[in-house]
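Written out below as structure tokens is the structure these notes cover.
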Amino acid sequence: MKKFKGFALMFISIFLLGACSSGENNDAKDADVVIGLDDTFVPMGFRDDDGNLTGFDIDLAKAVFALNDTTVAFQTIDWSMKETELNNETIDLIWNGYSQTSEREEKVAFSEPYMSNSQLLVTAKDSGIDSVEEMDGKILGAQEGSSGYNSFTQTPEVLKDRVDSEDATLYDSFNEAFIDLENGRIDGLLIDRVYAEYYLKQNEQTDAFNLVETSYEDENFAVGIRKDDEELLEEINNGFNELQENGEFAEISEKWFGEDVSID
């Protein structure tokens, strides 16, 4: 497979901030719970212009643990190593737009799902590619370790059998992938719907790209937990229920998405 790790100037500041935080979080050693995340995944967990972590999952996690006065810290990790980090106890949870899949269920336990998601193919409007079928012989990008890339490999008839080299160019983050898509170095990007829609809206680029539906199965976002952490699992599930009942879940959803995205 191909892998690209280049940077563009417009995102250098973002990645430098992420690099500064890739070691131990200053609060992690004193926190009851340490959450691992990819700090470039908008709008779930990312860094604002001042380098502070923000996002839907950040707000939701803080709200869940505030119910029991549980202290929480956030740790930037290599997303392709997330399950290893969890089971090595570097972190306690994977909570950052983490899709529940059968493959991942072999490695971790999952909370109740709290939000749905799907995989889209994003292409430039001027590429003439507005369907999966038109990716024949084209170059596809994806994030390494993502559920989208897992779907790509496990359901080859959708895209894998079509695209150049029958594989994707892999990126450490979707930010890098979008830079290559914008500059024509890849023809299409397989990406989470939630990321694509938010990214393009925030950058006022919705008219410049196609959001192409794929036939991959829809996914649910859930929290990844070590299989023996039953008390922590119960705290999160109870927290979701309480936040839905008291309306705080809906408030957080409205803040980031303009609607209630919770799964009943």
Side-chain angles (χ1 to χ4, degrees), residues 21-48 50-77 79 81-101 104-117 147 194 219-264:
S21 64
S22 61
E24 184 178 13
N25 184 301
N26 290 334
D27 301 322
K29 62 181 181 295
D30 300 318
D32 296 320
V33 175
V34 179
I35 294 175
L37 76 159
D38 166 9
D39 65 358
T40 67
F41 188 15
V42 297
M44 309 307 284
F46 62 101
R47 294 190 180 273
D48 63 20
D50 296 320
N52 300 312
L53 280 172
T54 188
F56 174 78
D57 277 340
I58 303 294
D59 287 351
L60 185 59
K62 288 179 178 179
V64 165
F65 290 119
L67 295 171
N68 295 306
D69 295 323
T70 301
T71 58
V72 60
F74 299 89
Q75 177 75 42
T76 304
I77 59 173
W79 195 244
M81 297 292 292
K82 52 195 173 296
E83 290 87 6
T84 300
E85 296 272 18
L86 179 69
N87 289 312
N88 286 345
E89 301 188 6
T90 307
I91 58 175
D92 300 305
L93 299 172
I94 305 170
W95 193 338
N96 191 208
Y98 186 46
S99 297
Q100 185 174 3
T101 68
R104 289 171 174 172
E105 285 173 344
E106 296 177 2
K107 303 174 184 177
V108 306
F110 279 95
S111 71
E112 293 296 323
Y114 61 89
M115 181 178 170
S116 62
N117 182 50
S147 59
V194 63
E219 308 162 348
N220 287 326
F221 286 156
V223 183
I225 308 167
R226 283 186 292 275
K227 293 189 175 184
D228 58 353
D229 279 350
E230 296 179 1
E231 290 185 8
L232 185 55
L233 175 62
E234 184 177 6
E235 180 177 2
I236 293 169
N237 287 336
N238 289 342
F240 285 158
N241 291 332
E242 186 169 345
L243 293 177
Q244 287 179 328
E245 290 174 1
N246 67 21
E248 191 170 354
F249 199 122
E251 290 178 6
I252 296 171
S253 294
E254 289 285 346
K255 172 184 174 181
W256 290 102
F257 301 104
E259 61 179 326
D260 187 356
V261 299
S262 63
I263 296 176
D264 295 330

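Sequential numbering from 1 along the given sequence is applied to the chain's residues. Only a predicted model underlies this, so the values are computations on that prediction, with no experimental measurement involved.
Here the side chain of Asp32 pairs a donor or acceptor atom with the backbone of Thr71 at under 3.5 angstrom. A donor-acceptor contact shorter than 3.5 Å is absent between the side chain of Asp50 and the backbone of Asn52.
Scanning both residues, Leu37 and Phe74, for their nearest heavy atoms gives CD2-CB, 3.8 Å. Thr40 and Asp38 make their closest contact through OG1-OD1, 2.8 Å (heavy atoms, listed as atom of the first residue, atom of the second, distance). The two atoms that bring Pro113 and Ile263 nearest to each other are CB-CD1, 4.0 Å, heavy atoms only. Counting all heavy atoms, side chain and backbone alike, Asn96 lies closest to Gly36 at CB-O, 4.5 Å. Residue Ile252 comes nearest to Ala63 through the heavy atom pair CD1-CB, 3.9 Å, listed as atom of the first residue, atom of the second, then distance. The nearest pair of heavy atoms linking Leu67 to Gly239 is CD1-CA, 3.7 Å.
Counting only heavy atoms from C-beta outward, the side chains of Trp256 and Thr54 approach each other to under 4.5 Å.
Residues passing the ring-ring contact (aromatic ring centres under 6.0 Å, His included) test with Phe41, sequence neighbours excluded: Tyr195. A search for side-chain contact (heavy atoms from CB on, under 4.5 Å) contacts involving Asn88 returns Thr84, Thr90, not counting sequence neighbours. Partners of Glu105 under the side chain to side chain donor-acceptor pair (under 3.5 Å) rule, at least two apart in sequence or in another chain, are Gln100. With sequence neighbours excluded, the residues forming a side chain to side chain donor-acceptor pair (under 3.5 Å) with Asp92 are Arg226, listed by chain and number. Applying the side-chain contact (heavy atoms from CB on, under 4.5 Å) criterion to Ala109, with sequence neighbours excluded, gives Lys227.
Atom CG of residue Asn87 and atom NZ of residue Lys82 lie 12.0 Å apart, to the nearest 0.5 angstrom. Note that the CD atom of Glu248 and the CG atom of Asp59 stand 9.0 Å from one another [nearest 0.5 Å]. With values rounded to the nearest 0.5 angstrom, Asn246 atom CG is found 11.0 Å from Asn241 atom CG. Atom CH2 of Trp79 is separated from atom CD1 of Ile94 by 6.0 Å, given to the nearest 0.5 angstrom. Taken from OG in Ser99 to CZ in Phe110, the straight-line distance is 8.0 Å, to the nearest 0.5 Å. Here the CD1-OG1 distance, from Ile35 to Thr76, works out to 12.0 Å after rounding to the nearest 0.5 Å.
Remark: Glu254 CD is packed, more than 12 non-hydrogen atoms of other residues, nucleotides or ligands lying under 6.0 Å away.
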Practice item. Would you check, one step at a time, whether the test side-chain contact (heavy atoms from CB on, under 4.5 Å) holds for Arg47 with Leu53? Key: CA-CA 5 Å; Arg47 294 190 180 273; Leu53 280 172; 3.9 Å; yes
Practice item. Report the C-alpha distance between Val64 and Phe240 in whole Å, list the side-chain angles of each, state the deciding distance to 0.1 Å, and finish with yes or no for side-chain contact (heavy atoms from CB on, under 4.5 Å). Key: CA-CA 7 Å; Val64 165; Phe240 285 158; 3.9 Å; yes
Practice item. Quick one: do Asp260 and Ser262 satisfy side-chain hydrogen bond (donor to acceptor under 3.5 Å, both in side chains)? Show the steps, please. Key: CA-CA 6 Å; Asp260 187 356; Ser262 63; 2.8 Å; yes
**Study point:** Step-by-step side-chain contact (heavy atoms from CB on, under 4.5 Å) determination, Met115 to Ser253
**Key:** CA-CA 10 Å; Met115 181 178 170; Ser253 294; over 6 Å; no
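There is no side-chain donor-acceptor pair under 3.5 Å between Gln244 and Tyr114.
Residue pairs meeting the ring-ring contact (aromatic ring centres under 6.0 Å, His included) criterion with at least one partner in residues 53-73, sequence neighbours excluded, are Phe56-Phe257.
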